[in-house]
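So that the names make sense, note that chain A is the first sequence line, chain B the second, and so on, each numbered from 1.
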Amino acid sequence: MKASQFYIKTTREAPAEAETISHQYLARAGFIQQIAAGIFSIMPLGQRSLEKIRTIIREEMNAAGALEVTMPVVQPRSIWEESGRAETYVPPLANFRDRREREMVLAPTHEETVSMMGRYGITSYRDMPLNLYQIQTKFRDETRSRGGLLRVREFEMKDAYSFDADEEGLDASYQAMAQAYHNIFSRCGLNAVMVEADAGSIGGKDSAEFVLLADSGEDTILICDSDDCGYGANLEKAEFIKSLNPREVKAEVEKFATPGIKTIEALAEAEGVPTSKTGKVVFYTIDDEVYVVVIRGDYEVNETKVRNMMGGSEPRLATPEEVAAAGFPAGSASAVGIPSERVIADDSAVENPNLLAGANEDGYHLRNINYGRDWNSDHIGDIASAVDGQRCSRCSDGCLKQHRGIEVGHIFKLRTVYSDAMDVKYNDADGNLRPVLMGCYGIGTGRLLAAAVEANHDDRGMTLPRSIAPFEVVIVAVNIHNNDQVRDLSESLATQLEAKGVATLLDDRAEAPGAKFADADLIGIPVRVVVSPRSIQNGGVEIKHRLADPKNSTIHAFDDAIGAILNTLES
RNA sequence: CGGGGAGUGGCGCAGUGGAAGCGCGCCUGCUUUGGGAGCAGGAGGUCGCGGGUUCGACCCCCGCCUCCCCGACCA
């Protein structure tokens, strides 16, 4: 491909709104163009990289036995009513009416349509396992866009859906996808870690996400630092071992005045004890009921864990008005005297004796509060968020280390959430009608590209691996327009490389050499070959890997050039 | 959807109540050709939109739209 016939428009400066490295480089190199908030066009260079990513994904999905399909982006709202998600998935659903006034949605994900596809043909356990996937556009209206391609509203996703007759089958499908994902990310040059995750609003149970560790990511994950443990989970899911305060004989409750003390930290300091000796309270509204959530003072409430414990309804912090309306005291609160069905308690608050807590009277607190004697709860469990440095729940000696990361893939066991709602059933070997067990598996292709840039760049530009770089070799033809030798040799090299299947860009533009070098570095083409009057005088062409020092190239005679280029490409 | 910022040629930015400029990029010609070349000459902007104040608004006032960042949610 000749650069003069391609579409290469690079800029020295990134758009002002580009903050992340990947956004800056993808924009400067002309891979992407922003059209609206979270909506991008992909330009020819970006298209080539994305297509290579798609090809890798297709190869791995096909190898895992999945079958490619295409499902519609525009869907009738009625099928979302059938699954029940028209009500629960409200914010991200973009609605419109067609010209016959039928209510339509832009699909944010495709469980409904794939369930219909499964329902169409799956009638027997003999029809499974089945795995259907597509690479298709999604639109989520309420997700806030951020970081260029890292998070957008319209995005392309590879989404796969498995159908199995039993748990063993589902597990095998899930494991096959996990392996395929490892292969995909590895081939794209990403060292993604698989961590346990919460299933979120998609529904279902077991799930894991694949995360590229990067400070620009918005995902918080915790990974055990023990070499042979391997436990990792995202913040919503991570479990840890809570410390236990020393056992003490239950002491008598004492009420005491604490004028002006509003925080747990201030209370602990005033009493000269650690915050782990306190029980703090947060009010949450769940399904229009206000609950008192109790947790030991040194931990924070994890709303996802609360949601899961309370049956899946989203908790949100209660407003002062709601707290007052529920008849709960606003200041210096505690669970003492609150009906147990309205108390949600972390086990840390239950298991530790003689805690400091509010007196449910402004300006007063209580010493020596004990669960069972002074307060009760019908909802006890782990609702605490893990933080850096806590003990790993899976091994005896590890500590959890907190990281930021970019979520590039997510796999779920949906089980029967959608097969029940959408009536996807089969006959088992005994003739019983059973719901199909489903799984779903997603990879954002654009985000994968952005993540690859986040993981592969330097101060000159992108350093994408050969597997996803838009071109593998760039031939910088210096002075090509007034030097026939340069022109003939560079074109000959390009032709030979193309014949060997190497994606080659011949930079024949009438740009200054420096501009061509800068563009080659910015775009991040793995191998650079220079053909110039000087290189010819020196006996051939110069070959350099993108990651090598800019000045550090080697001269090769023309007869050896192709071999040397291929060798450099392999390195 | 809450909180904060910003909208001026393609991109990055300056600017004043008398109404528009710089750098990069673009076009033409000549000269150049190893890390984003030089000279000369050009093209390109209803200053986000609507209303108001004023003799006069890019500037002041009001409303709206859009974009970005932080938070809640996700691939």
Length of the line joining A/Leu522:CG and B/rG35:P, which is rounded to integer Å
18 Å
Looking at every strand, decide which applies to A/Gln34 at a 4.0 Å heavy-atom threshold: base, sugar-phosphate, or nothing.
sugar-phosphate
Assigned partner base of B/rA37, Watson-Crick or wobble definition, under 3.5 Å:
B/rU31
Using purine N1 to pyrimidine N3 plus N6-O4 or O6-N4 for Watson-Crick, or N1-O2 and O6-N3 for G-U wobble, each under 3.5 Å, what pairs with B/rG56?
none
With P as the reference atom in both, quote the distance from B/rA57 to B/rG38 in angstrom, rounded to an integer.
41 Å
Mapping A/His23 and A/Glu218 onto RNA chain B by nearest heavy atom, which one lands closer to the 5' end?
A/His23
How would you label the contact of A/Val530 with the nucleic acid (heavy atoms, under 4.0 Å): base, sugar-phosphate, or nothing?
base
Residue whose nearest RNA chain B nucleotide is more 5′ - A/Ile536 or A/Ala512
A/Ile536
My understanding is that a pair needs two contacts under 3.5 Å, Watson-Crick or G-U wobble. By that rule, which nucleotide pairs with B/rC67?
B/rG5
Base, sugar-phosphate, or nothing: which does A/Ala14 touch, judged by heavy atoms less than 4.0 Å apart?
sugar-phosphate
With the side chain defined as heavy atoms from C-beta on, A/Phe517 is closest, among B/rC26, B/rG35, B/rC68, to B/rG35
Counting only side-chain nitrogens and oxygens, does A/Gln33 get under 4.0 Å of the OP1 or OP2 atom of B/rG10?
no
Does A/Glu19 reach a base, just sugar-phosphate, or nothing at all? Heavy atoms under 4.0 Å.
sugar-phosphate
Ignoring backbone atoms, test whether A/Arg28 places a side-chain nitrogen or oxygen under 4.0 Å from the OP1 or OP2 oxygen of B/rG12.
no
Roughly, in whole Å, what's the span from CG in A/Leu93 to C1' in B/rC74?
14 Å
Determine the interatomic distance between C1' on B/rG4 and the same-named atom on B/rG12; round to the nearest Å.
23 Å
Determine which nucleotide pairs with B/rC24, using a 3.5 Å limit on both distances of a Watson-Crick or G-U wobble pair.
B/rG10
For the residue pair A/Phe412 and A/His410, does the interplanar ring angle fall in the parallel (under 30°), tilted (30 to 60°) or perpendicular (over 60°) class?
parallel
Which nucleotide wins on minimum distance to the side chain of A/Arg528, given the candidates B/rG35, B/rC13, B/rC74?
B/rG35
Using the six-membered ring of A/Phe471, assess whether NZ or CZ of A/Arg48 lies under 6.0 Å from its centre and within 45 degrees of the ring axis.
yes
Test: A/Lys305 and A/Asp346 ion pair at under 4.0 Å:
no
Separation of B/rU33 P from A/Asp507 CG (nearest whole Å)
18 Å
Expressed as a whole number of Å, how far does the P atom of B/rA6 sit from that of B/rA75?
34 Å
A/Gly461 near the nucleic acid: base, sugar-phosphate alone, or nothing, with a heavy-atom cut-off under 4.0 Å?
nothing
Answer with base, sugar-phosphate or nothing: what part of the nucleic acid does A/Ser535 contact at a heavy-atom distance below 4.0 Å?
base
Taking B/rA43 as the reference, what is the distance to B/rA37 when you measure between their P atoms (whole Å, please)?
25 Å
When the C1' atoms of B/rA19 and B/rC58 are compared, how many Å lie between them, rounded to an integer?
8 Å
Measure CZ/A/Arg54 against P/B/rA75 and give the value in whole Å, please.
19 Å
Distance between P atoms of B/rA20 and B/rC59 (Å, rounded)
13 Å
Quantified in whole Å, what is the P atom distance between nucleotide B/rC60 and nucleotide B/rU8?
15 Å
Categorize A/Asp159 for me: base, sugar-phosphate, or nothing, with a 4.0 angstrom heavy-atom threshold over every strand shown.
nothing
Closest approach to the side chain of A/Pro513, judged atom by atom: which nucleotide of B/rC67, B/rC74, B/rU33 is it?
B/rU33
Paired with B/rA19 by Watson-Crick or G-U wobble geometry, both distances under 3.5 Å: which nucleotide is it?
none
So which nucleotide from B/rA37, B/rC74, B/rU33 ends up closest to the side chain of A/Asn482?
B/rU33
Could one point to a donor on the side chain of A/Arg151 or the base of B/rC73 with an acceptor on the other under 3.5 Å away?
yes
Qualifying residue for side chain to side chain contact (heavy atoms under 4.5 Å, CB included) with A/Ile406, from A/Asp219, A/Leu448, A/Leu150:
A/Leu150
When you check the gap from the basic side-chain N to the acidic O, do A/Glu407 and A/Arg151 get nearer than 4.0 Å?
no
Between B/rC70, B/rU33, B/rG35, which nucleotide gets closest to the side-chain atoms of A/Arg146?
B/rC70
Just the rounded figure in Å: distance from P of B/rC69 to CD of A/Glu17.
8 Å
Please measure how far the C1' atom in B/rG21 lies from the corresponding atom in B/rC47, and state the result in whole Å.
12 Å
When you measure only distances, ignoring hydrogens and angles, does the side chain of A/Asn483 come within 3.5 Å of the base of B/rU33 through a donor and an acceptor?
no
Starting from P on B/rC74, measure out to CZ on A/Phe139 and report it in whole angstrom.
17 Å
Polar pair under 3.5 Å, donor/acceptor by atom type, side chain A/Arg144, base B/rG3
no
Are a donor atom and an acceptor atom from the side chains of A/Thr463 and A/Asp458 found within less than 3.5 Å of each other?
no
So A/Glu13, base contact, sugar-phosphate only, or nothing? Heavy-atom distance under 4.0 Å.
base
Donor + acceptor pair across side chains of A/Gln134, A/His110 (<3.5 Å)
yes
Could you walk me through whether A/His403 and A/Val193 pass the side-chain contact (heavy atoms from CB on, under 4.5 Å) check?
CA-CA 11 Å; A/His403 302 267; A/Val193 297; over 6 Å; no
Have a look at A/Pro550 and say if it touches a base, only the backbone sugar-phosphate, or nothing, with a 4.0 Å heavy-atom cut-off.
base
Do you see a donor-acceptor pair shorter than 3.5 Å between the side chains of A/Glu542 and A/Ser553?
yes
Looking at the side chain of A/Ala16, which of B/rG12, B/rC26, B/rA75 is the nearest nucleotide?
B/rG12
How long is the line joining CD of A/Gln136 and C1' of B/rA75, in whole Å?
14 Å
